[in-house]
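Just below is one structure, and these are the notes that go with it.
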There are 2 protein chains.
Amino acid sequence: MNMQADDRRPRRSRKKNGGVTLSDIAKLAGVSAITASRALNTPEQVSEETLARIRAAVERTGYVPNLLAGGLASNRSRLVAAVVPSLATPVFLEAIEALTATLVTYGYQLMLGQSGYNNSREDALIDAIIGRRPDGIVLTGILHSEQGRKRLHASGIPVVETWDLTPTPIDMLVGFSHQGVGEAAADFLSSKGRRRLATISGDDERAQRRRKAFGRRVLQHGLTEEGGAEAPDVVVSTPTTVGGGRQALARLLDIHPDVDAVFCSSDWLALGVLIEAQARGLSIPARLAVMGFGDHAFAADLHPALTSMRIDGTRIGQTAARLIIARAEGRPVAEPVCDIGFSIIERDSA
Amino acid sequence: MNMQADDRRPRRSRKKNGGVTLSDIAKLAGVSAITASRALNTPEQVSEETLARIRAAVERTGYVPNLLAGGLASNRSRLVAAVVPSLATPVFLEAIEALTATLVTYGYQLMLGQSGYNNSREDALIDAIIGRRPDGIVLTGILHSEQGRKRLHASGIPVVETWDLTPTPIDMLVGFSHQGVGEAAADFLSSKGRRRLATISGDDERAQRRRKAFGRRVLQHGLTEEGGAEAPDVVVSTPTTVGGGRQALARLLDIHPDVDAVFCSSDWLALGVLIEAQARGLSIPARLAVMGFGDHAFAADLHPALTSMRIDGTRIGQTAARLIIARAEGRPVAEPVCDIGFSIIERDSA
DNA sequence: CAGTTCAATGTTAGCGCTACCATTCGCGCC
DNA sequence: GGCGCGAATGGTAGCGCTAACATTGAACTG
């Protein structure tokens, strides 16, 4: 009956990782844990000599701070999540690359999620992301489910949507007008004297918006085949490919042999069009003007060089990073919505 | 002098996130926190009705578990980090895409780091990654510094290196022989009756290894320009581009006008070669055989269709994911080194 | 029917870090 | 001399979760 005092041996303690921890460093340097923490995070608050001793201890032990613990304690994970439909779509890559680069310089890390082009897995992805409590979320080119939007909102995490200009952003926004792109393309081609304008587009929502704006503008210019009909178009399934472009041009010419200009919803499609035209002996731009979208690196190097619509992905990525970092660090964001525009890069194909 | 008892009001508690926590769920469902935890992680340990109540509470509140806290407590972050030199290199993308997809199905998330093509930032990146205590790290196509290798080793985190077969892997390995690729390309082109073989290569270490193996094999076949010299080559800087390929072919033909076959270290270069050849009116493959590397999606759709060397990136990604998950879940890994090989996809250009 | 087992649940004590407040000490000021 | 101030450091109590062990009660055993 002496179940007391010394009798209760300490229960076996949880197995430690064995790794070096901050308090090991503190002990080595002869300071308290909190001072060691400050030495690493806000070194200006620590005296020179203390700093030196702590740094030496870090060096000696190869200590790497546990950011999970730090994030839990400080409620700042220094993680930013980005969601892309697919990595295979190079238009997003430039932005992601710039995003990563900018984040890294501020000490943030990028977590990447692929939503796929279907919305089914999207909610699960959103939960997985929110669960890590990132300091920000960058959404690229997806229409997220209502459920997902709600979750994001409720989480209170800064969100930047990109590649589009919606009237009802979840939070912040860096994008451009797809309608504007479609209209500008139509204006450009007709200013070049083209009279039978057509489009070849991926079937994603944004590409369709460009296509429709293009079609409407063509109508306004009075440039339709037989008065009043829409501009000819072929829709291919996303992701867009070179092969898709080739087939699409073949189909287009079957139905509308007199088309003299094509606006493609990606440079891949445009490359396919160039190749198919070449295979058929159609001269470009004499017989057919071709215009791409995205201004991929290869556009300038094709023969003929491809006229394309440039979206400054680097700027999108940088801007998104800056918006998120500002919010994460509690600075107010003056312009939560940013239209970065687009520009036509005129080369030889149109 | 009564600084005692009731006098010490509870110090102001740390500001809570305001978010729903597991114990909120537990309270709502009338169980203890640990039971709620089990309901979410190992539902088979919880009775049907308890499970239902907990699920209802989760549903009602929109609770999303804090994986930082979970990772800290369980020492399993369910995060896997991948390091790529650059996202702009599409060869890696296929593997990354497959990696993400496979990880997601097992409940893991991908964290992405870009090392750039220079090693300077690499160590900082490695530390940032280790700091998050991922359950695994996948390295794609980099030669990491000795310092970095040591850190990785010391961290005890499972590591998979990919895209190469080194005799001294840090841990696990999924790759193929670059030497084998170079030799196979030389064999293939000479089997096609080509006699003046050349290469156009990026300047990264692996591409150079392919190039050298190719050159040696050419020597063995006795196919050099003027007895004993190496196979002609042009080296372009990474990342490889279409424009780089065009210029390289121009240079190559300037110096060695009788070259009749080119092995390119990427499909981008090969596309550039195709375009430059077309611009110069060189017929392919009659006058010049062209072979790419990577078998990018566009290769089949070019005109002429591009012969290329296929690396099964999807399989690399899946294998890497499986290796890491196995290790993370404590299962033994029978084959820590996996050679996934390569294959020549013969099309029209060679 | 005491003894064993097992399924379901609970208690406690951290994981490694940082927020919050407190303390100490030297310095300049009136 | 007393006071205020700011720089440097420390103590304590969590952050939200789960490992490790403890407890309970019902079902089963011989």
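FYI, side chains are in, hydrogens and waters are out, and symmetry mates aren't considered; it's all heavy atoms of this structure.
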Length of the [atom1]-[atom2] vector between [X] and [N], whole Å:
X	N	atom1	atom2	answer
A/Glu44	D/dA8	CD	P	10 Å
A/Asn75	D/dC15	CG	C1'	8 Å
B/Ile54	C/dG10	CD1	C1'	13 Å
B/Leu68	C/dC17	CG	C1'	12 Å
A/Arg133	C/dC17	CZ	C1'	17 Å
B/Asp24	D/dC17	CG	C1'	13 Å
A/Ile25	D/dG10	CD1	P	15 Å
B/Lys27	D/dC17	NZ	C1'	14 Å

Among [options], which nucleotide sits nearest the side chain of [X]?
X	options	result
B/Leu72	D/dG16, C/dC17, C/dT18	D/dG16
A/Ile34	C/dT18, C/dT9, C/dC17	C/dT18
A/Arg38	C/dG10, D/dT9, C/dG16	D/dT9
A/Thr21	C/dG10, C/dG16, D/dG16	C/dG16
A/Ala73	D/dG10, D/dT18, C/dC17	C/dC17
B/Thr35	D/dC17, C/dT9, D/dG16	C/dT9

So, does B/Asp24 use its side chain to make a donor-acceptor pair with the main chain of B/Thr21 at under 3.5 Å? yes

Check whether any side-chain N or O of A/Thr100 sits under 3.5 Å from a backbone N or O of A/Ile96 as a donor-acceptor pair, and report yes or no. yes

5' priority, DNA chain D, between A/Ser47 and B/Ala36 [closest heavy atom]: A/Ser47

Let me see the working for A/Asp135 and A/Arg78 under side-chain contact (heavy atoms from CB on, under 4.5 Å), right down to the final yes or no. CA-CA 6 Å; A/Asp135 291 341; A/Arg78 299 204 145 249; 4.3 Å; yes

With a 6.0 Å cut-off (strictly less than), is the heavy-atom count around CD of B/Glu329, excluding the residue itself, greater than 12? yes

When you check the phosphate oxygens OP1 and OP2 of [N], does a side-chain N or O of [X] lie under 4.0 Å from one of them?
X	N	result
A/Asn41	C/dT18	yes
B/Ser32	C/dT9	no
A/Ser37	C/dC17	no
A/Tyr63	C/dG16	no

Could you pick out which residue, B/Thr50 or B/Ala69, lies toward the 5' side of DNA chain C when each is mapped onto its nearest nucleotide? B/Thr50

Any Lys/Arg nitrogen of A/Asp123 or A/Arg151 sitting under 4.0 Å from an Asp/Glu carboxylate oxygen of the other? no

